[in-house]
Amino acid sequence: MIEIERKSFSNGIQFAWDSTSLTLAMECPRKYYYRMLRNIVPQSTSVHLIFGGIYASALEYFYGLRAVGADLEEAILLTVKKAMIDSWDSETGQPIVFNDAKKTRVTLIRTIIWYLDQFGDEDEAAIKTHHLANGKAAVELSFALELTDDIIYCGHLDRVVEFSGSLYWMDQKTTGQTLGPYFFDGFKMSNQFMGYTWAGQIMFQAPVRGGIIDAAQIASGFSRFERGFASYTREQIEEWTKNVEYHVKTMQGLTALGTFPMNLTACGNYGGCPYKSVCSAHTSVREHVIASNFVHPATVWDPIVPR
Amino acid sequence: MSDIATLFARDPLKMSDEDFSAIVQKFRESRTAFTAAPVAKTPTKPASGKKLALDLDLGDLGI
């Protein structure tokens with residue numbers, strides 16, 4: 001077994017999980033093995049991850065500034081500056097290559113500005129950032145909580161808000177698809193969002209009802225936004241924790257055995273598994289495929305390490 | 001005022017606050033123009049009559 005130094009692992013077995021590693025394990029043990037144990041990713045990062053990552057980081061930055069009292073226009077300007085810098089490759093002296101018709105650097109900055117103009121001033125929506133008991137704004141909250149005696153569940157809440165007398169986590173998503181009920185329906189069964197709700201209820205000792213999802217449709221000529229809600233009953237969250245425990249223990253067992261079966265029904269999901277080229281190759285050449293087309297990411301994915 | 005292409009070609013670490021303000025203004029102008037434009041009717045069914053694909057691109061969702 002390949003050993004990589006990570007705090008979320010003990011004796012080669014992962015004990016601290018997050019929605020990313022959990023979803024990998026649920027999708028396909030072999031995919032989990034390549035991403036979490038071998039720590040390899042495709043050479044070219046998905047444009048969706050680049051775009052979505054900079055977008056999420058920008059909005060998190062904006063709300064952090066507003067939480068400490070920054071003026072709206074000042075916060076927008078600083079956020080745009082950050083996003084422009086984050087989308088610039090200082091090594092090449094050129095913008096990051098997005099290689100997509102809709103998700104480009106221009107549409108990224110446009111989407112940020114249009115979103116902040118529509119939602120940035122929250123007084124009209126009667127949403128406000130929640131503050132912790134110590135007075136700090138509830139933004140950029142990393143958590144690592146005991147799911148069971150031997151499983152830690154981790155994550156990162158961008159922001160917790162107060163709305164209509166209840167607490168909600170907030171998250172944002174970007175897509176090239178048209179927004180509508182079908183889009184938000186897809187989040188009803190979301191490890192990420194169920195995990196946020198579970199964590200929020202523990203961290204705040206208050207009824208975190210669920211979350212508010214701000215979705216952005218990215219088109220060539222425009223960006224459009226929809227706000228949706230995801231709510232879960234206490235029973236659904238309890239069921240989710242049992243589900244997590246089952247899948248984590250299953251994956252831990254497979255890891256201990258050094259056996260990682262493929263889930264052949266998952267190869268075509270979400271635009272195609274990034275490791276399909278490895279699994280579909282003859283066993284004798286898979287390491288060559290990995291050496292040619294995959295790299296170790298700059299940072300190791302370690303769920304228990306706070307962002 | 002420089003156009004968007006010129007502004008986007010510059011190293012942002014060397015840009016001024018006025019440059020970033022110009023970018024914000026340009027995109028606000030484009031939003032005003034987009035909001036004011038008549039909304040085109042979009043078809044509710046694919047012309048082919050085939051069902052739409054049900055798989056969501058998780059990467060497309062920014063997850």
Side-chain angles (χ1 to χ4, degrees), chain A residues 19-20 23 27 46-49 51-53 55-56 73 76-78 80-88 90 93-95 102-106 109-114 116-118 172-178 182-183 186-187 190 192 215-216 218 221-224 268-272 274, chain B:
Chain A
S19 65
T20 295
T23 300
E27 280 176 9
S46 158
V47 64
H48 307 299
L49 289 176
F51 191 101
Y55 180 74
E73 281 302 312
I76 291 174
L77 203 67
L78 290 172
V80 168
K81 180 176 181 179
K82 174 180 165 45
M84 290 287 287
I85 292 171
D86 287 348
S87 55
W88 183 265
S90 53
Q94 298 288 327
K102 293 179 187 175
K103 291 182 177 178
T104 67
R105 189 173 184 234
V106 171
I109 303 302
R110 179 192 71 202
T111 303
I112 291 169
I113 294 169
W114 286 24
L116 294 180
D117 274 357
Q118 183 165 342
Q172 62 287 318
K173 298 298 179 192
T174 59
T175 178
Q177 299 177 11
T178 302
Y182 180 71
F183 179 83
F187 295 119
S190 162
Q192 181 186 19
I218 318 300
F222 65 88
S223 299
R224 184 174 283 133
N269 290 353
Y270 314 121
Chain B
M1 189 188 298
S2 302
D3 62 16
I4 282 289
T6 304
L7 290 168
F8 271 64
R10 289 189 198 158
D11 182 343
L13 290 171
K14 297 174 184 169
M15 288 167 65
S16 65
D17 285 351
E18 287 71 28
D19 290 331
F20 294 112
S21 291
I23 289 172
V24 173
Q25 184 179 340
K26 290 249 179 238
F27 281 118
R28 281 177 169 162
E29 289 169 4
S30 70
R31 183 172 180 239
T32 301
F34 170 71
T35 310
V39 178
K41 260 194 166 182
T42 50
T44 54
K45 288 181 187 175
S48 65
K50 292 180 184 173
K51 287 185 180 178
L52 295 171
L54 294 180
D55 286 330
L56 281 175
D57 181 349
L58 196 64
D60 204 33
L61 297 175
I63 296 174

Which bit of [X] is near chain B, if near means a heavy-atom gap under 4.5 Å: side chain, backbone, both or neither?
{"X": "A:Trp88", "value": "side chain"}
{"X": "A:Ile113", "value": "side chain"}
{"X": "A:Val47", "value": "neither"}
{"X": "A:Glu73", "value": "side chain"}

Working to the nearest 0.5 Å, report the span between [atom1] of [X] and [atom2] of [Y].
{"X": "A:Phe51", "Y": "A:Ser87", "atom1": "CZ", "atom2": "OG", "result": "10.0 Å"}
{"X": "A:Lys103", "Y": "A:Ile218", "atom1": "NZ", "atom2": "CD1", "result": "6.5 Å"}
{"X": "B:Phe27", "Y": "B:Ile4", "atom1": "CZ", "atom2": "CD1", "result": "4.0 Å"}
{"X": "A:Ser190", "Y": "A:Lys173", "atom1": "OG", "atom2": "NZ", "result": "7.0 Å"}
{"X": "A:Asp117", "Y": "B:Arg28", "atom1": "CG", "atom2": "CZ", "result": "4.0 Å"}

Under 4.5 Å from any heavy atom of chain A - which part of B:Ala5: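 Neither; nothing under 4.5 Å.
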Heavy-atom pairs under 4.5 Å with chain B, option from A:Thr20, A:Leu77, A:Ile76, A:Val80 with the top count: A:Leu77
